[in-house]
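Side chains are part of it too, since the values below use all heavy atoms of this structure and drop only hydrogens, waters and symmetry mates.
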Amino acid sequence: MSDQDSKGQQSEAAEREAAKQRLLAQAEAERVPVEETTRAVPDRRWRRDR
């Protein structure tokens with residue numbers, strides 16, 4: 001394996017890592033706190049039944 005090959009593989013790994021970080025940041029930004037999701041639904045269902 002030449003020096004050029006290892007450089008290519010290193011930058012590929014760095015790009016994959018950067019993509020993973022972007023995905024994680026996006027998922028974190030879209031995440032809804034558990035309290036909000038569990039609070040809303042049972043409350044509405046309970047009101048409709050009455």
Side-chain angles (χ1 to χ4, degrees):
M1 175 161 36
S2 77
D3 199 32
Q4 202 87 43
D5 285 345
S6 71
K7 274 207 187 86
Q9 281 185 339
Q10 272 182 335
S11 73
E12 251 179 67
E15 278 172 37
R16 268 199 303 274
E17 188 58 38
K20 196 167 74 174
Q21 292 303 321
R22 279 198 304 275
L23 273 173
L24 284 171
Q26 187 181 349
E28 187 63 32
E30 291 172 2
R31 199 165 63 94
V32 179
V34 173
E35 311 85 74
E36 282 182 31
T37 59
T38 53
R39 201 183 305 130
V41 178
D43 213 33
R44 257 185 257 135
R45 211 179 288 144
W46 176 79
R47 280 202 209 106
R48 208 183 306 135
D49 287 344
R50 295 195 60 141

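With sequence neighbours left out, E17 forms a side-chain contact (heavy atoms from CB on, under 4.5 Å) with K20, Q21. In this structure, the side-chain contact (heavy atoms from CB on, under 4.5 Å) partners of R22, at least two apart in sequence or on a different chain, are A18, A19.
In this structure, the separation between NZ on K7 and CD on Q10 is 8.5 Å, given to the nearest 0.5 Å.
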